[in-house]
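Each remark here refers to the structure printed beneath this line.
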Amino acid sequence: MSTNPICEMLGIKYPVIQGGMAWIADAELAAAVSNAGGLGLIAAMNSNGEQLREQIKKAKELTDKPFGVNLMLMSPYIDEAVSAVCEEGVKVVTTGAGNPAKYMEQLKSAGVKVICVVASVALAVMVERMGASAVVAEGCESGGHVGDTTTMALVPQVVDAVNIPVIAAGGIADGRGMAAAFMLGAQAVQMGTRFLTAKECNVHPNYKEKVLKAKDRDTIVTGKSLGHPVRALKNRMTRDFQAKELDPATTPGELEKMGAGALRRAAIEGDVKTGSCMCGQIAGLVNSEDSCEEIITGICRDACALLGRSLEE
Ligand SMILES: Cc1cc2nc3c(=O)[nH]c(=O)nc-3n(C[C@H](O)[C@H](O)[C@H](O)COP(=O)(O)O)c2cc1C
């Protein structure tokens with residue numbers, strides 16, 4: 001697959017990227033994905049420079065393949081995180097939750113490829129002008145923070161609007177989804193939900209089990225009124241949050257407080273009742289715990305068979 005532009009750009013074998021997932025996408029998951037031929041990403045989330053550096057060093061011990069870092073631009077430690085990425089020689093970052101303009105020059109002059117996660121055509125065009133190497137067009141089926149356009153509608157519109165490669169994300173978990181993304185013009189896929197149940201994923205077993213048991217309509221989006229909607233599995237947390245959100249007496253501050261620490265509670269402590277189990281709509285299709293290698297080779301093999309061609313073209 002070396003002539004696939006994303007594979008060539010990133011030095012990877014398969015055009016499959018593991019999405020950054022706060023509290024979940026650690027060095028072990030990233031290294032396992034990279035060892036399997038995809039691109040693993042360490043989620044920087046709110047880590048300070050030292051914490052991120054530790055994860056990068058750990059990933060380097062676990063793999064000699066390329067891996068990247070997902071930068072959360074709204075992190076209070078974003079300056080330190082960007083410096084850590086540049087100094088540790090990380091070759092690629094994905095950016096989410098904000099505008100990467102301030103860091104573009106620093107990253108690019110350190111030889112870091114910048115891939116921006118976008119939920120709209122306007123943002124895709126803007127980051128291309130800023131010098132992004134590729135975009136991840138992420139539809140609202142996805143887990144975590146979401147926009148409001150579906151993958152099916154967003155990907156071809158982004159493909160038509162930019163000249164850089166487009167990676168499709170949101171609702172992709174098998175070869176059919178990957179083949180569909182390629183038909184829409186994407187040149188790679190990014191998956192989060194599918195990797196939540198990977199054998200090498202260290203998310204709490206309670207969370208993993210909830211994803212494995214989820215059906216098609218088991219996720220819900222809350223937080224629209226705050227301007228940052230989040231998709232998660234329905235549970236007591238989302239029910240309470242939704243009730244509060246619909247109550248005109250609730251202040252934004254109260255809602256922010258309810259959401260704070262909720263993903264950590266579910267992913268690390270295993271509290272899947274009052275924690276937030278962020279997860280995409282495709283969870284209903286994710287029914288087995290597989291290794292990253294099984295996931296990546298399986299999805300690429302099936303996509304190739306459906307497309308009747310390799311993923312290089
Ligand atoms: C639990 C969870 C946490 C996530 N955290 C982040 C994050 O920290 N940064 C980010 O850019 N995207 C984050 N995402 C989005 C993923 O990187 C990916 O784009 C998305 O999961 C793709 O959609 P899918 O879940 O349908 O595969 C998260 C997704 C999930 C499921």
Side-chain angles (χ1 to χ4, degrees), residues 16-26 29-30 33 38-47 52 55 68-75 78 81 92-98 100 114-119 123 127 135-147 149-152 154-155 166-174 177-178 180-181 186 188-198 201-204 207-208 210-211 214 216 218-219 221 228-233 237 259 262-268 272 275-286 295-296 299:
V16 176
I17 297 169
Q18 160 249 313
M21 294 186 276
W23 295 110
I24 295 166
D26 56 10
L29 180 62
V33 170
L39 183 80
L41 293 174
I42 296 167
M45 47 173 189
N46 284 335
S47 307
L52 181 58
Q55 286 290 306
V69 168
N70 169 250
L71 292 171
M72 196 180 76
L73 295 162
M74 273 157 60
S75 161
I78 184 66
V92 54
V93 297
T94 60
T95 65
V114 182
I115 299 179
C116 303
V117 181
V118 301
L123 190 54
V127 298
V135 287
V136 176
E138 188 191 64
C140 59
E141 299 93 323
S142 70
H145 292 267
V146 291
T149 306
T150 59
T151 303
M152 182 75 123
L154 181 67
V155 171
V166 176
I167 298 154
I172 300 163
D174 67 5
M178 185 176 195
V189 296
Q190 170 166 297
M191 301 187 292
T193 299
R194 181 76 203 264
F195 283 114
L196 274 175
T197 67
C201 179
N202 290 321
V203 72
H204 195 284
Y207 195 135
K208 220 178 239 191
K210 216 169 152 55
V211 177
D216 56 337
D218 284 350
T219 69
V221 174
H228 43 85
V230 169
R231 184 180 298 284
L233 288 170
M237 154 77 186
L263 177 58
R264 184 189 182 285
R265 213 155 52 237
I268 306 290
V272 294
S276 171
C277 301
M278 293 184 190
C279 177
Q281 286 183 319
I282 204 67
L285 210 68
V286 178
I295 293 172
I296 293 170
I299 187 175

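Counting from 1, the numbers follow the sequence of the chain as shown. Order of appearance sets the numbers: ligands from 1, and atoms from 1 within every ligand.
Close approach of ligand 1 to Gly171 is summarised as follows: ligand atoms under 4.0 Å from at least one heavy atom of the residue are 24 (P), 26 (O). Within ligand 1, the atoms closer than 4.0 Å to a non-hydrogen atom of Gly170 are 22 (C), 23 (O), 26 (O), numbered from 1 in the order shown. Shown in contact with Gly19 at under 4.0 Å from a heavy atom are these atoms of ligand 1, numbered in order with element: 17 (O).
With sequence neighbours excluded, no residue forms a side chain to side chain donor-acceptor pair (under 3.5 Å) with Asn46. Considering only residues two or more places apart in sequence or on other chains, Thr197 meets the side chain to side chain donor-acceptor pair (under 3.5 Å) condition with none of them.
Between the side chain of Thr151 and the backbone N or O of Ala169, at least one donor-acceptor pair lies under 3.5 Å. When atom types are taken as modelled, the side chain of Gln18 and the backbone of Leu41 share a donor-acceptor pair closer than 3.5 angstrom.
For the residues Ala267, Gly20, Gly192, Gly144, the heavy atom positioned nearest atom 14 (N) of ligand 1 is part of Gly20.
Within the 4.0 Å heavy-atom criterion, the part of Glu138 lying near ligand 1 is the side chain and not the backbone. By the criterion of a heavy-atom distance under 4.0 Å, neither the backbone nor the side chain of Ala43 is placed next to ligand 1. Looking at Ile24 against ligand 1, only its side chain comes within 4.0 Å, counting heavy atoms. Under 4.0 Å from ligand 1, the heavy atoms of Asn70 that appear belong solely to its side chain. Contact annotation for Tyr207 and ligand 1: only side-chain heavy atoms (C-beta onward) come within less than 4.0 Å of the ligand.
Taking every heavy atom of both residues into account, Thr193 and Gly143 meet most closely at OG1-N, 4.4 Å. Taking both residues in full, the closest heavy atoms of Ala173 and Ile299 are given as C-CD1, 4.2 Å, listed atom of the first, atom of the second, then distance.
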### Query
Passes side-chain contact (heavy atoms from CB on, under 4.5 Å), Val118 versus Val127? Steps please.
CA-CA 9 Å; Val118 301; Val127 298; 4.1 Å; yes
### Task
Check the pair Ile296 / Phe195 against side-chain contact (heavy atoms from CB on, under 4.5 Å), numbers first and verdict last.
CA-CA 10 Å; Ile296 293 170; Phe195 283 114; 3.9 Å; yes
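Look at Met191 and you'll find a heavy atom under 4.0 Å from some atom of ligand 1. At least one heavy atom of Gln190 sits less than 4.0 Å from an atom of ligand 1.
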